[in-house]
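Working notes for the structure below.
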Amino acid sequence: MKATGKNDLAVRDEDLDHPRTHRAFRTVKLLIGAYLAISVLTLVAAFLLRGNADEVNDTVWVRGTIVVISALPTFAFAARAARGSRRAFRRLRIISAVMVVAIIVIVSLPGLIPLWMKIEQGVCALLLAGVAVIVNGGRLRALFAAPSRPL
């Protein structure tokens, strides 16, 4: 077992070494990496459009910053989960689902963010939905299921 952190029971190395597990985590990290890259590019776009109040309001800056800041630990959770951390895997499952719902709510609110950012957020929601589907799939959930404890 790999050491993953204090009080974090790790998944055994031999269980992590299956090609399907590697492929799943490679895809998860790719999706989250794309989510992070798009989020950073959104802040760059906001900076470039900062003189246009219709295209860049305070919500764009706040939302854009929050998304970038949240993408960083999400990627870290994916990396730690790929090394066997049950705690990171659980956090990744929760964050990916919660962020999809949060994005849907924000995009649905009329007038909150401009159309270009609604489209960007929709792409981010699709990327995170892919992550949520993969990490909530039966194979990874079974792999990271809590070990049974002796009575």
Side-chain angles (χ1 to χ4, degrees), residues 1-47 58-110 112-151:
M1 284 195 229
K2 295 182 181 180
T4 57
K6 187 177 179 182
N7 299 325
D8 186 14
L9 297 172
V11 174
R12 297 180 325 184
D13 290 339
E14 51 273 10
D15 292 333
L16 290 171
D17 286 338
H18 193 280
R20 285 177 45 199
T21 304
H22 282 285
R23 191 172 33 254
F25 278 115
R26 187 174 43 251
T27 302
V28 164
K29 288 189 275 188
L30 180 68
L31 290 170
I32 296 170
Y35 167 62
L36 175 59
I38 289 170
S39 301
V40 169
L41 289 174
T42 298
L43 284 180
V44 171
F47 178 78
D58 289 341
T59 305
V60 168
W61 288 111
V62 171
R63 177 72 188 151
T65 302
I66 289 171
V67 171
V68 169
I69 291 170
S70 73
L72 294 170
T74 304
F75 191 84
F77 294 149
R80 285 190 9 237
R83 291 191 306 267
S85 170
R86 283 187 168 86
R87 181 177 294 145
F89 181 74
R90 185 173 46 252
R91 289 176 177 164
L92 182 60
R93 286 183 64 203
I94 292 167
I95 258 184
S96 61
V98 168
M99 288 301 292
V100 170
V101 172
I103 291 170
I104 291 169
V105 168
I106 287 168
V107 168
S108 300
L109 297 172
L112 185 63
I113 56 176
L115 179 62
W116 70 270
M117 191 171 199
K118 285 185 181 206
I119 294 168
E120 176 269 343
Q121 288 287 282
V123 171
C124 287
L126 289 173
L127 293 168
L128 288 174
V131 171
V133 166
I134 293 168
V135 298
N136 285 294
R139 175 166 184 76
L140 289 183
R141 277 197 357 252
L143 180 65
F144 283 88
S148 57
R149 297 178 189 236
L151 296 174

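Atom set for the values below is all heavy atoms of this structure, side chains included, hydrogens, waters and symmetry mates excluded.
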### Query
With a 4.5 Å limit on heavy-atom distance, are the side chains of Thr21 and Arg139 in contact?
yes
### Query
So, the side chain of Arg86 versus the backbone of Ala145: is there a donor-acceptor pair under 3.5 Å, distance only?
yes
### Task
Using the side chain to side chain contact (heavy atoms under 4.5 Å, CB included) rule, take Thr42 and Val67 through it: C-alpha gap first, then chi angles, then the decisive distance, then the call.
CA-CA 10 Å; Thr42 298; Val67 171; over 6 Å; no
### Task
Mind listing the closest non-hydrogen atom pair of Lys29 and Ala79 along with its distance?
CD-CA, 4.3 Å
### Query
If you look at every heavy atom in Leu140 and Ala24, which pair is closest and at what distance?
CD1-CB, 3.9 Å
### Message
For Pro110 versus Lys118, what's the shortest heavy-atom pair and its separation?
### Response
CA-NZ, 4.2 Å
### Task
Using the side chain to side chain contact (heavy atoms under 4.5 Å, CB included) rule, take Ile38 and Cys124 through it: C-alpha gap first, then chi angles, then the decisive distance, then the call.
CA-CA 8 Å; Ile38 289 170; Cys124 287; 3.9 Å; yes
### Summary
Minimal heavy-atom distance between Pro114 and Val60, with the atoms involved, is CD-CG2, 3.4 Å
### Task
Check step by step if side chain to side chain contact (heavy atoms under 4.5 Å, CB included) holds for Ser85 and Arg90.
CA-CA 9 Å; Ser85 170; Arg90 185 173 46 252; over 6 Å; no
### Task
Quick one: pull up CD1 in Ile113 and CZ in Arg63 and give me the separation to the nearest 0.5 Å.
7.5 Å
### Query
At what distance, to the nearest 0.5 angstrom, does CG of Leu92 lie from CZ of Phe75?
11.0 Å
### Query
Parallel, tilted or perpendicular for Phe25 and Phe144, by the 30°/60° rule?
perpendicular
### Intermediate values then yes/no, side chain to side chain contact (heavy atoms under 4.5 Å, CB included), Leu31 and Leu128
CA-CA 7 Å; Leu31 290 170; Leu128 288 174; over 6 Å; no
### Task
Considering non-hydrogen atoms only, spot the tightest contact between Arg141 and Val135 and give its length.
CG-O, 3.8 Å
### Residue pair Val131 / Leu127, side-chain heavy-atom distance below 4.5 Å
no
### Point-to-point distance, once rounded to the nearest 0.5 Å, from CE of Met99 to CD1 of Ile32
11.0 Å
### Closest approach of Val68 to Leu36 (non-hydrogen atoms, all atoms of both residues)
O-CD1, 4.1 Å
### Task
Nearest 0.5 Å please: distance from the CD1 atom of Ile134 over to the OG atom of Ser96.
9.5 Å
### Message
Would you say that Phe77 contacts Ile94 through its side chain, given a criterion of any heavy-atom pair below 4.5 Å between the two side chains?
### Response
no
### Spacing of Glu120 atom CD and Ile103 atom CD1 [to the nearest 0.5 Å]
8.0 Å
